[in-house]
Amino acid sequence: MAEAAQNRPAVIEVRNLVTHYGSRQILNGINVDIVEGEIMVIMGGSGSGKSTFLRHLMALQRPTSGVIKILGEDVWSLSQKALFNLRKKLGVTFQGGALFSSMTVGENIMLPLYEHTKLDRMTMEIMARMKLEVVDLGGFENLMPSELSGGMIKRAAVARAIIMDPRILFFDEPSAGLDPVVSSQLDDMILRLRDAMGMTICVVTHELESAFKIADRITVLDRGDILFVGTVAELKSHPSERIQNLLNRRSEEAEIDADEYLRRLTGDKLEAEGMPR
Amino acid sequence: MSKGAYYNAVQNAAIRFFDRLGRTSVAALEELGRHGVLVAESIYWLVAGRRVGQSVRLGALFSEMMEIGVRAIGIIGMMAAAIGAMLAIQGIYSLKIFGAEGHVVVGVAFSMVREFAPLITGILVAGRSGSALAARLGTMKINQELDALEVMGINPVRFLVVPSLLASMIMVPTLTMMSMTLGLWAAGLYVNAALGISLTAFMDQTIDVLTVHDLLHGLGKSLIFGFLIAIIGVINGFLVKGGAEGVGKATTRSVVQCISAIVITDMLFALVATL
């Protein structure tokens with residue numbers, strides 16, 4: 001898959017992406033391509049910037065600078081109507097599922113159809129049932145989200161995300177809060193979606209096992225920089241100590257300057273109080 | 001403490017005070033700006049939504065009208081009747097001093113239609129629906145449901161805010177009309193029992209003293225209250241940060257801000273209208 005990927009067009013192109021929260025720089029000029037039909041896994045520890053990066057990829061957050069092209073269109077130069085049309089080609093499964101609690105599972109799944117198509121109710125219901133079958137939730141359409149388990153909520157969210165047959169599907173931490181068995185089932189489902197529906201899938205996760213199982217390519221983010229982009233095999237054999245530390249969950253021992261460390265802990269309070277340091 | 005250190009401490013306290021004052025002012029201005037943006041966006045989606053293929057859904061509007069209006073009929077009706085009777089009781093008690101208790105109808109009619117019906121309706125809807133709106137949107141924000149709407153190509157303002165805003169602006173005046181009627185009816189019953197003036201005579205006299213201007217005064221106010229309740233509830237919901245605790249804070253804040261806004265607007269409206 002990864003070798004063949006090089007010949008396919010990029011559906012997402014990210015160039016020099018920089019993001020600030022206030023004065024803090026979160027992403028430091030990221031460049032990456034995600035090609036058609038691949039599963040790209042974005043990995044990184046907490047605070048690496050992967051969630052912010054995903055929000056940019058989903059066109060939910062405007063970066064400080066840089067360009068994001070999705071399906072060939074520069075997201076932030078589009079008109080509102082064009083952006084809406086582009087979003088119809090994207091599907092997202094959020095970490096907690098983000099199902100609307102006031103609607104049944106079926107209504108949740110049909111919502112994009114209600115909003116964007118003129119299909120009659122019966123057709124929409126049939127389509128919703130079909131997508132529920134795809135995620136092994138057939139017969140659950142009349143339940144409320146509160147009646148589902150964590151794994152079921154995520155699968156229902158996948159059904160909603162694929163109801164419009166999107167070109168690109170995003171997953172935010174699909175394994176979070178799930179036991180290993182359910183998590184593995186979800187991984188199998190992601191692979192099935194790629195193979196059966198030909199979708200491009202982008203998954204943000206910090207679960208190594210899951211990433212190694214599903215990824216065609218992996219992007220490793222660390223402190224706002226891309227450390228690595230490549231296949232699972234390339235990642236595992238990468239010589240960089242920083243990457244191997246991340247993979248083996250080892251924290252780096254940074255050299256600490258004692259004065260700097262004290263200033264970080266106390267801020268300017270000691271000086272403000274007129275006390276000697 | 002040396003003199004230098006003392007001056008240093010005073011200087012730092014002053015800096016901290018002005019720093020906090022500045023930050024609070026900027027935050028308040030930012031919130032005001034968000035109110036403005038939200039109102040502009042709501043109007044945009046209401047007017048131009050159909051053109052960009054995202055018109056306001058009638059189903060959502062009716063569902064909000066049901067929640068804000070129909071489900072509040074019981075409590076608002078009861079409170080309006082109680083206030084009407086209370087006005088009659090106090091009116092007769094005060095006017096008896098001058099032997100003019102027969103004129104109680106005038107006082108009750110003006111007070112109920114121009115002041116109490118819109119005010120009590122506004123306050124009750126604020127407590128019931130303003131807080132519910134803030135809690136609902138806040139929870140949706142925390143659960144990433146607002147993000148989910150956006151990535152589905154559904155504008156959250158059009159989908160969630162506009163129906164609530166419209167429903168509130170339709171239902172608060174409607175409930176106010178009901179409050180006026182029930183309040184006057186309850187007052188009439190008490191006056192009948194206390195002074196022997198029949199309910200029909202009470203109502204005839206009420207219609208005689210009231211003008212269309214008085215009715216519009218009450219309804220105009222209630223329209224503004226409906227607008228304020230929805231906008232304040234929505235803004236507080238959208239600004240929620242920090243999980244369940246944030247939702248709780250937003251809900252409380254929404255009720256306090258709604259009631260304050262209603263009372264201040266009521267006073268300003270009365271001032272301007274009676275100039």
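A quick note: this is a predicted structure, and the numbers were derived from the prediction, not measured.
Both tests pass for A/R160 against the ring of A/F100: distance under 6.0 Å to the centre and angle within 45° of the axis.
Taking A/R129 as the reference, A/E125, A/I126, A/E141 meet the side-chain contact (heavy atoms from CB on, under 4.5 Å) condition, with sequence neighbours excluded. Residues satisfying the side-chain contact (heavy atoms from CB on, under 4.5 Å) test with A/V14, not counting sequence neighbours, are A/I12, A/L17, A/I30, A/V32, A/F53, A/L57.
Of the atoms belonging to A/N85, not a single heavy atom falls under 4.5 Å from chain B. Contacts between A/L86 and chain B at a heavy-atom distance below 4.5 Å are absent for every atom of the residue. Neither the backbone nor the side chain of B/R136 comes within contact range of chain A; no heavy atoms are under 4.5 Å apart. Interface remark: B/D147 contributes backbone and side-chain atoms alike to the contact with chain A (heavy atom separation under 4.5 Å).
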Please table the atom pairs, donor to acceptor, closer than 3.5 Å between any side-chain atom in residues 223-241 of chain B and protein atoms at least two apart or in another chain.
from, atom 1, to, atom 2, distance (Å)
B/N236, OD1, B/R253, NH1, 2.7
B/N236, ND2, B/I232, O, 2.9
B/N236, ND2, B/Q257, OE1, 3.1

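With chain B as the partner, the residue from A/M164, A/R55, A/Q95 showing the most heavy-atom pairs under 4.5 Å is A/R55. Interface check for chain A: of the options B/T139, B/I15, B/L149, B/V151, the most heavy-atom pairs under 4.5 Å are formed by B/V151. Ranking A/L111, A/L83, A/D172, A/I163 against chain B, the residue ahead of the rest is A/L111, based on heavy-atom pairs under 4.5 Å.
Here the shortest heavy-atom pairing between A/G96 and A/I153 reads O-CG2, 3.6 Å.
The pair A/D165-A/K131 meets the salt-bridge criterion, since a charged nitrogen lies less than 4.0 angstrom from a carboxylate oxygen.
For B/M178, the CE atom counts as densely surrounded, since its 6.0 Å shell holds more than 12 non-hydrogen atoms of other residues, nucleotides or ligands. For A/K88, the NZ atom counts as densely surrounded, since its 6.0 Å shell holds more than 12 non-hydrogen atoms of other residues, nucleotides or ligands.
In this structure, B/P156 and B/E150 have side chains that are in contact, with non-hydrogen atoms separated by less than 4.5 Å.
Using non-hydrogen atoms only and a strict 4.5 Å limit, no part of residues 117-130 of chain B faces chain A.
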